[in-house]
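All of these numbers come straight from a predicted model, not from anything done at the bench. Atom set for the values below is all heavy atoms of this structure, side chains included, hydrogens, waters and symmetry mates excluded.
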There are 2 protein chains.
Amino acid sequence: MSLENDPCHNHLLAALSEEERKRVFPDLELIEMPLGDTLYSPDHLIKHVYFPTTAIVSLLHVMESGASAEIAVVGKEGIVGISLFMGGETTSSWAVVQSAGYAYRLSGQRLKNEFFRAETLQRLLLRYTQALMTQMAQTAVCNRHHTVDQQLCRWLLLSLDRLPSNELTMTQELIANMLGVRREGVTEAAGHLQRDGLIRYVRGKITVLDRKGLEQRVCECYRVVKKETDRLMGGHPTL
Amino acid sequence: MSLENDPCHNHLLAALSEEERKRVFPDLELIEMPLGDTLYSPDHLIKHVYFPTTAIVSLLHVMESGASAEIAVVGKEGIVGISLFMGGETTSSWAVVQSAGYAYRLSGQRLKNEFFRAETLQRLLLRYTQALMTQMAQTAVCNRHHTVDQQLCRWLLLSLDRLPSNELTMTQELIANMLGVRREGVTEAAGHLQRDGLIRYVRGKITVLDRKGLEQRVCECYRVVKKETDRLMGGHPTL
DNA sequence: ATCCGTATGTACGGTTTCGTACAAATGATG
DNA sequence: CATCATTTGTACGAAACCGTACATACGGAT
């Protein structure tokens, strides 16, 4: 995976025009992203944006009590650091590497220069931002109305869509932090999925055995986000 | 209120440059917005954007089951229909008038033309969009971690910030739809607030008696959104 | 092979919210 | 004033989730 790295493994970079690639690609830096790395945190000025290829990044909010909740997830279909071109420069959320891997990094200034040329990149980034908003909105709805079992299915599928294999390195404790529930709640939900043969997990490794089964059990939230993302991000399959 | 209407009652319109106003204001239409009016719904092409002055609009998601949840609220500080300039043209949410009033309407094409001139309006709209994302993210977190009591406080304050008076026309049933909880849950929570002298309500009219009291009881979510909105929308107080 | 830190499993009472049912109060209408 | 639809109040068991405590299981290190 790390052997054959190519900016085009990120779907946004892959969709740029020839001229934009000529301008942008030379300035991209390949960055290794270890699990748990913090790309940015509230009130910290963002200096770079990240285009993940194999890594997955969680955007999460942490409350005064220490409780947390994931509000969106970004993988090879997206970009981390949208507040740079949106104009805020910082956000009230954290960006944390949820699954180790690689990303291409670009300086914030370079990105802004490209963005305000108003060519393909701008159109892509704005549409991607709308897709991200759909994900956040659906997360809010899911938090309100669905069970931990359903949310775990959703979370697994969202991760799976951004990974090359059907195996993810993730403890139940970490999943609990993402979903904003107790670790025991995840143990129980995961137990149900394992009992029914949909997944298998051993000490921080989860293997998805029956993706179709997960899709049957997941709440509508997953489908809504996927459908809208596909629509917004155009003909090319985004995930 | 309807006697002295002026586009500048909307904060985004008020913040435009002199030249932009000259171009845009002649094309604004003052629109009366009755309670419950639907401005757009999923998969319906959006033809106009709305700049509320006295009206308040809820962005809400409705699930297959019919259950709903508000994901953000837009008043005189914002604009309804951002998917127009974001590029999606439609959204997966509804925009419903939560509090009757007025808004200025602009054709989608006119807005897009202005947006892509990349002047003040673009900067404003992008930053506003980021503020909206903060609101959505915080709604997700609040749905996960806070009680109905706290969420009702948040909702009341968000509404209050967008209204001219301390009285809102709203049944508990409708609030329940917004918060995505049972009507009885709102009855109970509102009962607590009334018992403690923070509000008074009679059949669809809620009067806020003690705003400070609400602010003391509300969860951090309200403050986070307000602070971030103020930061993003610049020196001028946005609410 | 044993030890030890980490990860997962299980259990129990408490709280919040849900679903449902029905009663009471309000305000508009005739 | 009487009627009626709407809004609000109350009650009760069920379900989901929480907080806590503790047991078990795995896997790397000595």
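A:Arg200 places its CZ atom 19 Å from the P atom of C:dA7, with the value rounded to the nearest Å. In this structure, the NE2 atom of B:His145 is 15 Å from the C1' atom of C:dT16, given to the nearest Å. Taking atom NE2 on A:His146 and atom P on D:dA16, their separation rounds to 13 Å, with Å as the unit. Atom CD1 in A:Ile206 sits roughly 16 Å away from atom C1' in D:dC26 (whole-Å rounding). Rounded to whole Å, atom C1' of D:dA23 lies 13 Å from atom CD of A:Glu184. Rounded to whole Å, the distance from CG on A:Leu152 to P on D:dC17 is 12 Å. In this entry the distance linking NE2 of A:His192 with P of C:dG9 reads 11 Å, nearest Å. Separating the CZ atom of A:Arg144 from the P atom of C:dT16 is a distance of 15 Å, rounded to the nearest angstrom.
A donor-acceptor pair shorter than 3.5 Å cannot be found between the side chains of B:Thr54 and B:Lys76. Inspection of the A:Glu228 and B:Ser92 side chains reveals no N or O donor paired with an N or O acceptor under 3.5 Å. A side-chain N or O of B:Ser159 and one of B:Gln98 form a donor-acceptor pair less than 3.5 Å apart.
Partner B:Tyr201 forms a side-chain contact (heavy atoms from CB on, under 4.5 Å) with one of B:Thr207, B:Val208, B:Ile206 and no other, that one being B:Ile206.
Nearest to the side chain of B:Val148, among D:dC17, C:dT17, D:dG9, sits C:dT17.
B:Glu188 comes within 4.0 angstrom of nothing in the nucleic acid, heavy atoms only. Within 4.0 Å (heavy atoms only), A:Gly204 reaches sugar-phosphate atoms of the nucleic acid but no base atom.
Contact check on B:Arg211 versus B:Asp161 returns a salt bridge, with a Lys/Arg side-chain nitrogen under 4.0 Å from an Asp/Glu carboxylate oxygen.
No donor-acceptor contact under 3.5 Å links the side chain of A:Arg203 to the base of C:dT8. For A:Arg183 against D:dG19, a side-chain-to-base donor-acceptor contact under 3.5 Å is absent.
Here A:Tyr201 reaches the OP1 or OP2 of C:dG9: one of its side-chain N or O atoms lies under 4.0 Å away.
Across the interface with DNA chain D, nearest-nucleotide mapping of B:Arg182 and B:Gln172 shows B:Gln172 to be the residue nearer the 5′ end.
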